[in-house]
Amino acid sequence: MSARAGLSSRFLPREPDGIGAPLRLFCFHHAGGAASSFGDWRRALGPGVDVLPIQLPGREGRAREARAGELTELVAELDADLDPWLSDRPYVFYGHSMGALVAHALTRRRFEHERTLPERLVVGACPAPHLRTPLDGAAERTDEELGQFLLDIGGMSPTLLRYPEWRRAAIALLRDDLRLCASDPHRGHPEYGARLPCPIEVFAGVDDPLVSLPHAAAWHTYTSARCRVHVQSGGHFFAQEPGAAFAARALAPLLRAPAVARAC
């Protein structure tokens, strides 16, 4: 029985595996997304990895809760809430787009507070935090502009156009999440803080209209360990391949390999 038995987390739709899997993978969803984005990953990665999607407030099972407005406050809450499961077993963070910013900010906070760090920080579809992106200022666009933006990058099904109420809800969620990203006090500043001692693995879609490969490669300035860029076919949502193919094909071998901590 795990020493953490009886504890619960409002950020985890299900409790971590008390025994069994030697590695935990905490997954942070994209702006406008939810924990269900990683619904098939547990099956794809097998029994050796306990896949734990993070559910931010204001969506799915937490739909009635107020959405987070400040990244610094959100990360402090995540750190306190998840610490029992970040301290007793090796773990990895995977963050996609907005989720990469959240995962990095949480890792940085834990480093600053001398707490256990992830074996790896894995980021997808996200430029290095200090760089400007096409999303800067997007939260202030009209509903029509944001809706078209979502359609253009594959973040909203055209089916939603036939359901105005669902479309408005999706756009409102995206808008609040973009404001959350913009609230990071370090965004846009080259001097982002001390380099992390854990490796950073960067996944980037070759056809991603929001993240260029040089901007993805700029993550190397955030670690004193190894940093690698893994170029994927597809656009901004390359990780949402049917049947969790991305997790099985690209993440599984990475998670099985030992973490290497050497200078970039």
Side-chain angles (χ1 to χ4, degrees), residues 27-40 53-60 62-71 74 94-104 123-184 187-188 202-216 218 231-246:
C27 303
F28 298 79
H29 57 72
H30 59 276
S36 60
S37 302
F38 307 101
D40 294 332
I54 300 297
Q55 188 73 282
L56 298 185
R59 63 209 80 211
E60 294 185 338
R62 304 184 68 184
R64 295 188 178 184
E65 299 179 42
R67 291 193 276 268
E70 295 290 335
L71 183 62
L74 172 64
Y94 176 81
H96 195 87
S97 195
M98 174 186 78
L101 296 180
V102 177
H104 173 255
V123 298
C126 186
H130 65 277
L131 297 172
R132 295 185 62 83
T133 77
L135 290 175
D136 290 344
E140 309 314 317
R141 297 178 187 175
T142 66
D143 280 6
E144 290 73 19
E145 289 170 335
L146 274 182
Q148 187 59 52
F149 167 77
L150 277 172
L151 287 171
D152 290 344
I153 65 171
M156 184 171 73
S157 169
T159 303
L160 281 184
L161 295 178
R162 301 200 298 268
Y163 302 93
E165 186 173 338
W166 291 0
R167 184 182 71 246
R168 285 192 296 271
I171 292 170
L173 177 58
L174 174 66
R175 189 186 304 281
D176 284 350
D177 282 351
L178 292 177
R179 286 172 174 159
L180 175 66
C181 294
S183 73
D184 185 350
R187 290 284 284 159
V202 185
F203 286 89
V206 69
D207 296 317
D208 190 340
L210 304 181
V211 186
S212 70
L213 295 183
H215 281 192
V231 180
Q232 306 296 298
S233 60
H236 193 66
F237 295 100
F238 59 81
Q240 294 186 7
E241 293 178 345
F246 166 77

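Because only heavy atoms are used, hydrogens play no part in the values below, and waters and symmetry mates are left out as well, while side chains stay in. None of the values given here were measured: they were computed from a predicted structure. Count residues from 1 along the sequence.
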Inset, instruction - Please round to the nearest 0.5 Å and tell me the distance separating atom CZ of R67 and atom CG of L180. - result: 11.0 Å
Legend entry - Distance, nearest 0.5 Å, that separates CZ of F38 from OH of Y94: 6.5 Å
Inset, instruction - For residues G33 and L173, report the shortest heavy-atom separation together with the two atoms involved. - result: O-CD2, 4.2 Å
Legend entry - Nearest-0.5 Å distance, CG of residue D208 to CD of residue Q232: 11.5 Å
Legend entry - Distance, nearest 0.5 Å, that separates CG of L210 from CZ of F237: 8.0 Å
Inset, instruction - Give the C-alpha distance, both sets of side-chain angles, the deciding distance and a yes or no for side chain to side chain contact (heavy atoms under 4.5 Å, CB included) between L56 and D177. - result: CA-CA 10 Å; L56 298 185; D177 282 351; 5.5 Å; no
Inset, instruction - Give the C-alpha distance, both sets of side-chain angles, the deciding distance and a yes or no for side chain to side chain contact (heavy atoms under 4.5 Å, CB included) between D176 and R179. - result: CA-CA 5 Å; D176 284 350; R179 286 172 174 159; 4.0 Å; yes
Inset, instruction - Check whether any side-chain heavy atom of L146 sits under 4.5 Å from a side-chain heavy atom of L178, and report yes or no. - result: yes
Inset, instruction - Mind listing the closest non-hydrogen atom pair of C126 and L101 along with its distance? - result: SG-CD2, 3.8 Å
Inset, instruction - Please name all residues satisfying ring pair (Phe, Tyr, Trp, His ring centres under 6.0 Å) with H96, sequence neighbours left out, ordered by chain then number. - result: H236, F238
Inset, instruction - Grab the two heavy atoms, one from R175 and one from A139, that are nearest each other, plus how far apart they are. - result: NH1-O, 2.5 Å
Legend entry - Heavy-atom pair of closest approach, residues H29 and M98: O-CE, 3.8 Å
Legend entry - Under 3.5 Å: donor-acceptor pair, side chain of E145, backbone of T142: yes
Legend entry - Minimum heavy-atom distance between F149 and L174, given as atom pair plus value: CD2-CD2, 4.3 Å
Inset, instruction - Return the minimal non-hydrogen interatomic distance between L71 and S183, and the atom names on each side. - result: N-OG, 2.8 Å
